[in-house]
Enquirer: 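Got a structure for you, written out below as structure tokens; questions coming shortly.
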There are 2 protein chains.
Amino acid sequence: MTTSQSGGSPAEPGDAEKKLRPARTNATKQKLFEASMELIGERGAAGVTVDEIATAAGVSKGTVYYNFGSKSDLIAQLLRHGVDILMARLLSVRDDSADPLAAMEEMIGQAMDFMAEYPSFARLWVSENWRTPSEWQDTFAELRGRLLAVIGSAIDGVAAAYPVDPAVSRGSLETAIFGACFVVGLDRQTYNPERTREQSVAAIMASMRGYVVKQPPAQA
Amino acid sequence: MTTSQSGGSPAEPGDAEKKLRPARTNATKQKLFEASMELIGERGAAGVTVDEIATAAGVSKGTVYYNFGSKSDLIAQLLRHGVDILMARLLSVRDDSADPLAAMEEMIGQAMDFMAEYPSFARLWVSENWRTPSEWQDTFAELRGRLLAVIGSAIDGVAAAYPVDPAVSRGSLETAIFGACFVVGLDRQTYNPERTREQSVAAIMASMRGYVVKQPPAQA
DNA sequence: CTATTTGAACTGACTGGTCAGTTTAGTTAG
DNA sequence: CTAACTAAACTGACCAGTCAGTTCAAATAG
């Protein structure tokens with residue numbers, strides 16, 4: 001593990017406040033996030049060099065190591081950055097308790113929009129998420145938990161308003177929907193660009209509709 | 001007995017056809033497949049060296065290049081090898097037309113078993129499948145098509161026997177189920193080993209149950 | 001039955017190149 | 001004035017692919 005060399009290095013591990021940072025640093029970090037998300041999404045974390053990232057961001061290699069301690073750190077922060085964006089979108093769905101199924105549908109729609117807008121992040125996620133001894137194992141576990149919690153509470157909303165199939169565990173359903181969002185989003189980008197957002201949402205929503213049991217609307 | 005190993009001759013790039021199957025070579029290839037599936041699944045195609053693969057297979061590096069022309073070739077053949085196994089399992093499900101939904105369920109169960117038995121293949125697949133300019137782009141497109149066709153025909157079976165939601169396109173549903181199998185299978189391995197096979201199958205089957213419209217069972 | 005030959009399968013040291021990370025001395029911008 | 005950044009050289013490790021040489025089982029010859 002290499003440590004920051006000259007005194008007062010701004011890239012400390014204990015980062016809590018981004019707002020106190022000078023504007024220049026934030027702009028640089030932003031450019032580095034964008035460039036590395038693109039490159040790493042295309043060729044994988046191991047397939048991209050720090051020099052390439054620096055060049056693509058219009059920045060020198062030293063700047064990468066000044067802002068992030070290492071390539072590994074850069075990627076860990078990149079993962080958090082992307083999840084922050086996705087979480088914000090998911091949480092933007094008003095938990096309009098009038099119809100939990102509609103809320104769920106809008107959330108899936110938000111996820112599809114995110115996948116369309118940041119396909120490289122989605123690729124990065126699926127590429128590295130399930131590697132067993134990975135440098136980002138803990139980061140993934142935490143971020144995955146945060147995302148699943150949001151989906152889980154939306155499922156709970158549905159389960160509270162409709163009679164649902166008890167044979168389907170909430171956890172497995174969370175995972176299936178979460179995974180389907182990534183895969184359907186990526187497949188649309190890579191293999192089926194003609195597929196509409198609505199078709200994709202409808203396919204994923206099928207699992208929610210199958211979750212609520214087929215009865216005339218009855219109270220739980 | 002695999003039939004279609006296109007260009008699988010263990011000699012020069014400008015190879016002449018060689019029907020002869022030396023037992024030694026096949027055993028070596030098998031060992032190389034097993035070793036590379038494991039290593040590449042764990043650390044990614046770019047993260048594994050040919051030396052490591054050779055060592056893990058108990059073979060020298062030269063042997064890898066003798067049997068496969070390049071690292072890239074090895075991986076391409078590895079992908080075909082894995083898909084052959086998965087396809088065989090999916091096709092082993094008797095198209096017992098008595099209940100297409102039950103056939104579908106068994107197919108998903110077979111897929112879950114495959115993911116549990118070859119998690120490294122599943123990781124390799126999701127890691128490399130959606131990379132945009134990839135050496136294995138064509139290989140993936142072909143193999144993906146073959147797998148989706150099998151799932152698609154199972155969906156057709158259901159659609160022929162039950163009234164289904166016309167808002168859900170077959171293609172999107174194929175993708176969602178296919179993707180969910182990989183993701184749920186991998187998640188079970190990595191994050192939720194306590195989840196049972198049945199729970200996982202039930203979660204994925206929810207999308208099929210949501211696909212058939214909620215009416216009293218109508219005959220085809 | 002033994003000796004020799006053949007060649008496919010295999011070996012592993014070696015090459016030429018790449019890359020993460022470091023260092024330093026100087027420049028820019030807030 | 002100083003934090004942020006640049007540019008370029010450097011290091012130590014690592015790696016894909018190569019190739020001259022070795023092994024050995026089967027074919028052939030004596």
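Being a predicted model, the structure only gives us computed values, none of them experimental. The figures here come from the full heavy-atom set of this structure, side chains too, leaving out hydrogens, waters and symmetry mates.
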Enquirer: A:L74 CG to C:dA20 P: how many Å, rounded?
Expert: 11 Å
Enquirer: I'd like to know if B:E106 and B:R94 make a salt bridge, using a cut-off of under 4.0 Å between side-chain N and carboxylate O.
Expert: no
Enquirer: In whole Å, what is the span from the CD1 atom of A:I53 to the C1' atom of D:dC5?
Expert: 18 Å
Enquirer: For B:R170, give me all partners under salt bridge (charged side-chain N to carboxylate O under 4.0 Å, His left out), at least two apart in sequence or on another chain.
Expert: B:D156, B:E174
Enquirer: Sugar-phosphate means primed atoms, P, OP1 and OP2; the rest is base. With that split, encode nucleotides 10-15 of chain D 5' to 3' as B, S or - using protein heavy atoms under 4.0 Å.
Expert: -----S
Enquirer: Measure CG/A:L32 against P/D:dA4 and give the value in whole Å, please.
Expert: 14 Å
Enquirer: Quick one: list whatever passes side-chain hydrogen bond (donor to acceptor under 3.5 Å, both in side chains) with A:S172, sequence neighbours left out.
Expert: A:S169, B:R195
Enquirer: Could you tell me the separation between the NZ atom of B:K29 and the P atom of C:dA8, rounded to a whole number of Å?
Expert: 16 Å
Enquirer: Applying side-chain hydrogen bond (donor to acceptor under 3.5 Å, both in side chains), name anything that partners B:Y118, two or more places apart in sequence or on another chain.
Expert: none
Enquirer: Looking only at side-chain N and O atoms, does A:N67 come under 4.0 Å of OP1 or OP2 in D:dC5?
Expert: yes
Enquirer: Apply side-chain hydrogen bond (donor to acceptor under 3.5 Å, both in side chains) to A:E198 and list each qualifying residue two or more places apart in sequence or on a separate chain.
Expert: none
Enquirer: Rounded to the nearest Å, what distance is computed from the CD atom of residue A:Q30 to the P atom of nucleotide D:dA4?
Expert: 17 Å
Enquirer: Is there a side-chain polar atom (N or O) of A:N26 under 4.0 Å from OP1 or OP2 of D:dA4?
Expert: no
Enquirer: Starting from P on C:dA9, measure out to CZ on B:F68 and report it in whole angstrom.
Expert: 13 Å
Enquirer: Counting side-chain heavy atoms from CB outward, which of C:dG21, C:dG12, D:dA3 is closest to A:Y66?
Expert: D:dA3
Enquirer: Does B:T63 make a side-chain N or O approach to OP1 or OP2 of C:dC10 shorter than 4.0 Å?
Expert: no
Enquirer: Does B:T28 put a side-chain nitrogen or oxygen below 4.0 Å from OP1 or OP2 of C:dC10?
Expert: yes
Enquirer: Specify the separation, in whole Å, of atom CG of A:D73 and atom P of C:dT22.
Expert: 11 Å
Enquirer: Mind checking side-chain hydrogen bond (donor to acceptor under 3.5 Å, both in side chains) for B:E135 and listing every partner two or more places apart, or none if nothing turns up?
Expert: B:S72
Enquirer: Nearest to the side chain of A:V59, heavy atoms from C-beta on, is which of C:dC10, C:dT22, D:dT6?
Expert: D:dT6
Enquirer: Would you please say whether a donor-acceptor pair under 3.5 Å links the side chains of A:S127 and B:R131?
Expert: yes
Enquirer: Let me know, please, whether A:G62 or A:A45 comes out on the 5' side of the other along DNA chain C by nearest nucleotide.
Expert: A:A45
